[in-house]
Amino acid sequence: MDLPNVLTLSRIVAIPLLLVLMFLPGAFWQWLALLIYIAACVTDYFDGMLARQRAQESALGRFLDPIADKLLVASVILALVAVDRIVGWLILPALIILCREVLVSGLREFLAGLQVSVPVSKLAKWKTTVQMVALGLLILGTAGPLSIHTLGEIGLWIAAALTIATGYNYLRFGLRHMGNGSQSAPR
């Protein structure tokens with residue numbers, strides 16, 4: 001087990017603790033949940049960077065990293081719905097994000113069978129950043145000023161818009177390979 005894979009696994013292991021903290025009442029637990037979430041998000045950045053720098057990219061890492069990302073995002077979104085921090089119309093961008101995660105995962109799996117790699121676009125990296133920040137602000141919820149929660153809500157809508165754009169780009173890329181078309185990567 002190299003350090004990048006340990007970081008990826010730590011993100012998965014942190015999810016149950018994060019979820020428990022999100023369900024506990026009180027500002028202290030919300031702040032602690034936010035700290036655990038930030039640590040998990042930071043591992044997402046460092047696991048890939050370290051793997052490339054140390055030439056420790058592995059099949060296990062390529063397998064686990066997207067799974068860890070999707071488990072973290074889906075778990076946090078579902079928990080935020082359960083604790084009433086994502087309610088009403090805000091469920092729509094959360095649903096868009098979850099559906100895109102499933103779509104892109106399925107597309108990647110299908111294209112892997114065709115020996116086609118789907119690189120992550122710069123726009124998708126921005127989407128991930130906005131999404132992580134928005135979810136973090138929503139985790140904090142009422143423990144911060146009201147404007148924090150409002151910023152989280154706005155951020156979730158922006159992340160959903162970026163999700164639609166990147167999902168469309170990935171789908172268009174995948175459809176080209178299904179029809180034996182061009183093999184250029186999504187932008």
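Values below: all heavy atoms of this structure, side chains included; hydrogens, waters and symmetry mates excluded.
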Does Arg100 use its side chain to pair, donor to acceptor, with the backbone of Ile164 at less than 3.5 Å?
-> no

Kindly give the heavy-atom pair with the smallest separation between Ala68 and Ile15, and that separation in Å.
-> O-CD1, 4.5 Å

What distance separates Ile158 CD1 from Thr163 OG1, expressed to the nearest 0.5 Å?
-> 11.5 Å

Leu171 side chain reached by Leu175 side chain, heavy atoms, under 4.5 Å | yes

Distance, nearest 0.5 Å, that separates CG of Leu137 from NE2 of His149 = 9.5 Å

Linking I/L/V/M/F/W/Y whenever any side-chain heavy atoms sit under 4.5 Å apart, do Tyr168 and Leu162 land together?
-> no

Spacing of NZ belonging to Lys127 relative to CD1 belonging to Ile97, to within rounding of 0.5 Å | 7.0 Å

Shortest non-hydrogen separation from Ile139 to Leu34 and the atoms involved | CG2-N, 3.8 Å

Joint hydrophobic cluster, Leu138 plus Phe28, side-chain heavy atoms closer than 4.5 Å | yes

What's the shortest heavy-atom distance between Leu21 and Ala33, and which atoms?
-> CB-CB, 3.8 Å

In one Ile/Leu/Val/Met/Phe/Trp/Tyr side-chain cluster, 4.5 Å: Leu32, Leu24 | yes

Counting only N and O atoms by type, is there a donor-acceptor contact under 3.5 Å from the side chain of Gln30 to the main-chain atoms of Leu140?
-> yes

Taking atom CH2 of Trp29 as the centre, report whether more than 12 heavy atoms of other residues, nucleotides or ligands fall under 6.0 Å from it.
-> no

Verdict with supporting geometry, Ile154 and Thr150, side chain to side chain contact (heavy atoms under 4.5 Å, CB included) | CA-CA 6 Å; Ile154 293 167; Thr150 302; 4.1 Å; yes

Linking I/L/V/M/F/W/Y whenever any side-chain heavy atoms sit under 4.5 Å apart, do Val13 and Leu19 land together?
-> no

So which heavy atom on Leu107 is nearest to which on Gly174, and how close?
-> CD1-CA, 3.7 Å

How long is the gap from CH2 on Trp157 to CH2 on Trp89, to the nearest 0.5 Å?
-> 7.5 Å

Of all the heavy-atom pairs spanning Tyr170 and Ala124, show the shortest one and how long it is.
-> OH-CB, 3.5 Å

Shortest non-hydrogen contact between Ala134 and Gly152, atoms and distance | CB-O, 3.5 Å

In this structure, CG of Leu90 is separated from CG of Leu156 (nearest 0.5 Å) by 5.0 Å

Same apolar cluster (I L V M F W Y, side chains within < 4.5 Å links), Trp31/Met22 | yes

Which atom pairs, one a donor and one an acceptor, fall under 3.5 Å between side chains of residues 36-46 and the rest of the protein, sequence neighbours left out?
unit_1: Tyr37; atom_1: OH; unit_2: Met132; atom_2: O; d: 3.0
unit_1: Thr43; atom_1: OG1; unit_2: Arg11; atom_2: NH1; d: 3.1
unit_1: Thr43; atom_1: OG1; unit_2: Ala40; atom_2: O; d: 2.6

Taking atom OG1 of Thr142 and atom CD1 of Ile148, what is their separation to the nearest 0.5 Å?
-> 12.0 Å

Phe23: hydrophobic cluster co-members (side-chain, 4.5 Å) = Val83

Ignoring hydrogens and angles, write down the donor-acceptor pairs under 3.5 Å from the side chains of residues 70-82, residues two or more places apart or on other chains.
unit_1: Lys70; atom_1: NZ; unit_2: Glu101; atom_2: OE1; d: 3.0
unit_1: Ser75; atom_1: OG; unit_2: Leu71; atom_2: O; d: 2.6

Quickly, which of Asp69, Asn5, Leu9, Asp47 forms a side-chain contact (heavy atoms from CB on, under 4.5 Å) with Leu64? Name it, please.
-> Leu9

